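Computed from heavy atoms alone, side chains included, the values below leave out hydrogens, waters and symmetry copies. Residues: numbered from 1 along the sequence shown. Note that the coordinates shown come from a computational prediction; the quantities given were computed from them, not determined experimentally.
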Amino acid sequence: GPRPRGIVTHTGPPRHRGPLPRTPWTTRGPPPEVLSRRAERRPVREQVELDTVTYEARQHRVPGLARPRFPAWQRGWHDPWHSPGPRYEDMALRKERGCFVCHQRVRMLEGVRQAQWLTKTKLVQGLPPSVLSIVNDPAHQLQDQDEAVHRAIAHARLWETTEVAPRREKYCPVLFEDLIHLCRLMTMKYPSLAKRMLARNYRIAAVWERESFLLQVRGLNGILMNSVAPIPPVASKEEILATEEHVLETFYPISPTIDLQEVNVYRELNDTGFKDGYPYPHPHTLYFLESANVRPDRFRPEQLRAKMLMFAFGNALAKARVLYGNDPKVLEQPIVVQSVGTDGQLFQFMVFQLNTTDLVSSDGVKNLVWIDSDQNLYEKAQCVPEVKKRVVMKPAGIYGVQPETFKKFLALYLHGAV
C-alpha cells in the first residue's frame, strides 16, 4: 500500500476524550487486593560487581565508555593561591553554637519590624524634635538654597556624562557628593563642622545575644561620617524610661533570624573599625547609596531601612563596648547614630539612640529609632526633551524638586554642631 507521509506518532484505537465513564474503578479507585499487589516489593536482582570500562587507555573521549577518574594531583609544596584550605570542621575558630550574621547584602524579609526585634528597639515615626527644630529654622539654611539644590541635582542627573543620560551607578554617588558639598558650605557659620571626617570601606564588628540567638553585625557598610564630639542624646530620661512599657512586635511563625547568614566559624569580636587615638572617634551619620543599575540588585525601601537600622545599631553598640565595656547595662549617656539611605531620588532618614546594651530579654528599657521614610528629592529628571509632532512638549530638566527633603538632609548634617 502507499507509505504514510510524515511520522506516525501512535497507532491503535483513538484516545478517549472527555470525562471517564463512571465505574467503581474511576469513582472509588482500584480494589484493595489490586493495590496490595502493586505495593508488594519486587525481588531485587543480585548485583554483579563489574569493572567500569573507561577510555583512560585510549587517551581520548569515546562515546559509550565511562569517564576515567584520576587521583588529585599533588603539587609537592604549599601554594596558598591553589590550596583548598582546611575543612570547616578542622578550623581553629569553629564553634558548635551557630551565629547569625547581618552583613551588607542581607535583605530582611520582615524589614524594619525584624530589625526592631533583633535590636530591641521602639520605632517612632517622623524625625525627633531636636532635628525638626533645625529643619524649620531659616537661620540654619544656605542662601539661595533651593537654587543650589536644583543645580546639584541637574549636575548629577543631566551634565555628569558624555552619554545621553548618566546611569544610576554614576549619578547616585555624584548627587551624594554634591549634597555633602552644599552641607559643608555651612562650615563658615559653624566652625565645629570642620571637625568631621568621611570614612569609606571601613569594617564594623559587633556581637550581642538576643533571647537564645547569638547575633553579629559585621563587614563593610555605608559611608560613615565621624565627628570629634558625640551627638547629644535625643530623647529625655523620661522618654527612655517610658519605653519599658513598650511591647516588641513579633512575627510568629516566621523566625526572627530569617535571611540572616548562619555561620559556625566566627570570632566574637567588637570593633568600631578605627584604631585607638583616631582624632574623630564618634560615629555621626551613616550614608547608604543604593546605586546598582539593575533594579533587582538594589534594596527595596523597606529592606534598605532595615539595613540602615542594623548598621546604625552595630556602630552604636561597638562604640558603647569601647566606652562602657562588655557588661550589659543601661547606658548613662545614650549613644546617637544617624543614618541616611538613598537610591539617587528617594531618601530615607533615620536617627537611632542606643539606650541599653542589655538585649537578651525583651523587658526593661528599649532602644529608640526615629524614621522618616520615602522622601522624594525630585519627581523626574527629563534627560531627553519630549517631542510630539515637532513640538517640544516637555523640555529637558529636573521636575518637582522638593526643597524640604534637602532641609532634612542638611539638618541631620548640622545635628550635634548647632
Side-chain angles (χ1 to χ4, degrees), residues 100-102 106-131 204 206-218 221-222 231 233-252 254-260 270 283 285-286 288 301-321 324 328-331 333-341 348-373 412:
F100 294 90
V101 177
C102 173
V106 165
R107 305 181 185 214
M108 294 194 183
L109 175 75
E110 288 292 325
V112 174
R113 283 198 309 169
Q114 185 178 346
Q116 275 177 256
W117 191 91
L118 293 171
T119 59
K120 192 177 168 183
T121 303
K122 179 186 176 185
L123 170 67
V124 183
Q125 292 294 345
L127 290 171
S130 55
V131 176
I204 186 78
V207 187
W208 74 101
E209 295 242 3
R210 183 85 177 86
E211 291 190 357
S212 61
F213 302 111
L214 181 63
L215 299 159
Q216 280 197 21
V217 163
R218 63 181 309 144
N221 56 89
I231 305 177
V234 177
S236 61
K237 289 270 181 0
E238 294 77 40
E239 286 179 76
I240 293 171
L241 289 173
T243 60
E244 290 187 12
E245 276 80 67
H246 177 70
V247 179
L248 291 170
E249 190 179 353
T250 59
F251 28 88
Y252 180 84
I254 293 172
S255 162
T257 56
I258 188 170
D259 289 330
L260 298 184
N270 290 295
T285 310
L286 261 172
F288 288 95
E302 178 68 12
Q303 298 170 332
L304 176 60
R305 289 193 287 273
K307 171 174 153 181
M308 287 162 58
L309 173 51
M310 290 304 286
F311 278 103
F313 168 80
N315 280 280
L317 184 64
K319 188 67 196 165
R321 299 265 202 249
Y324 303 110
K329 58 182 173 183
V330 178
L331 306 180
Q333 183 75 1
I335 296 173
V336 178
V337 178
Q338 303 175 148
S339 189
V340 177
Q348 323 284 344
F349 301 105
M350 178 181 294
V351 180
F352 177 82
Q353 178 167 314
L354 184 75
N355 301 319
T356 176
T357 55
D358 181 14
L359 304 159
V360 178
S361 72
S362 295
D363 312 326
V365 172
K366 316 282 186 298
N367 300 312
L368 281 163
V369 67
W370 290 263
I371 297 182
D372 193 6
S373 52
L412 287 186

Heavy atoms of S130 and V234 approach each other most closely as OG-CG1, 3.7 Å
Please list every donor-acceptor pair under 3.5 Å in which a side-chain atom of residues 301-320 meets a protein atom from a residue at least two apart or in another chain.
from : atom 1 : to   : atom 2 : distance (Å)
E302 : OE1    : R305 : NH2    : 2.8
E302 : OE2    : V112 : N      : 2.9
Q303 : OE1    : R300 : N      : 3.1
R305 : NH1    : Q348 : OE1    : 2.9
R305 : NH1    : D374 : OD1    : 3.2
K307 : NZ     : Q104 : O      : 3.3
N315 : OD1    : Y202 : OH     : 2.9
N315 : ND2    : Y202 : OH     : 3.2
N315 : ND2    : F311 : O      : 2.7
K319 : NZ     : P281 : O      : 3.3

Atom of A235, atom of W370 and distance for their closest heavy-atom approach = CB-CH2, 3.8 Å
Side-chain donor or acceptor of Q114 paired with backbone N/O of M108 under 3.5 Å = no
Evaluation steps, side-chain contact (heavy atoms from CB on, under 4.5 Å), between L118 and F100 | CA-CA 11 Å; L118 293 171; F100 294 90; over 6 Å; no
Given side-chain contact (heavy atoms from CB on, under 4.5 Å), test I204 with V217 step by step and report yes or no.
-> CA-CA 7 Å; I204 186 78; V217 163; 4.2 Å; yes
Non-hydrogen atoms of P256 and F213 that approach each other most closely | CG-CE1, 3.7 Å
Could you check K329 against T357 for side-chain contact (heavy atoms from CB on, under 4.5 Å), going step by step and ending with a plain yes or no?
-> CA-CA 5 Å; K329 58 182 173 183; T357 55; 4.3 Å; yes
Heavy atoms, side chains only, cut-off 4.5 Å: are S339 and F352 in contact?
-> no
K120 versus S362, closest heavy-atom pair with distance = CE-C, 4.2 Å
List the atom pairs, with distances to 0.1 Å, where a side-chain N or O of residues 237-246 and a protein N or O form a donor-acceptor pair under 3.5 Å, not counting sequence neighbours.
from : atom 1 : to   : atom 2 : distance (Å)
E238 : OE1    : S236 : OG     : 3.4
E239 : OE2    : S236 : N      : 3.4
E239 : OE2    : S236 : OG     : 3.4
T243 : OG1    : I240 : O      : 2.5
T243 : OG1    : K366 : N      : 3.1

To the nearest 0.5 Å, atom CG of L260 lies from atom CD of Q216 at 11.0 Å
Tell me yes or no: between the side chains of T119 and R210, is some donor less than 3.5 Å from an acceptor?
-> no
Kindly indicate whether the side chain of V330, heavy atoms from C-beta on, has any atom under 4.5 Å from the side chain of D358.
-> no
Heavy-atom pair of closest approach, residues V337 and P283 | CG2-CG, 4.0 Å
Just by distance, do the side chain of R321 and the backbone of V207 share a donor-acceptor pair under 3.5 Å?
-> yes
N355 and L368: which non-hydrogen atoms are nearest, and at how many Å?
-> ND2-N, 3.8 Å
Any sub-3.5 Å donor-acceptor pair from D259's side-chain atoms to L109's backbone N or O?
-> yes
CG of L359 to OG1 of T121, rounded to nearest 0.5 Å, is 8.0 Å
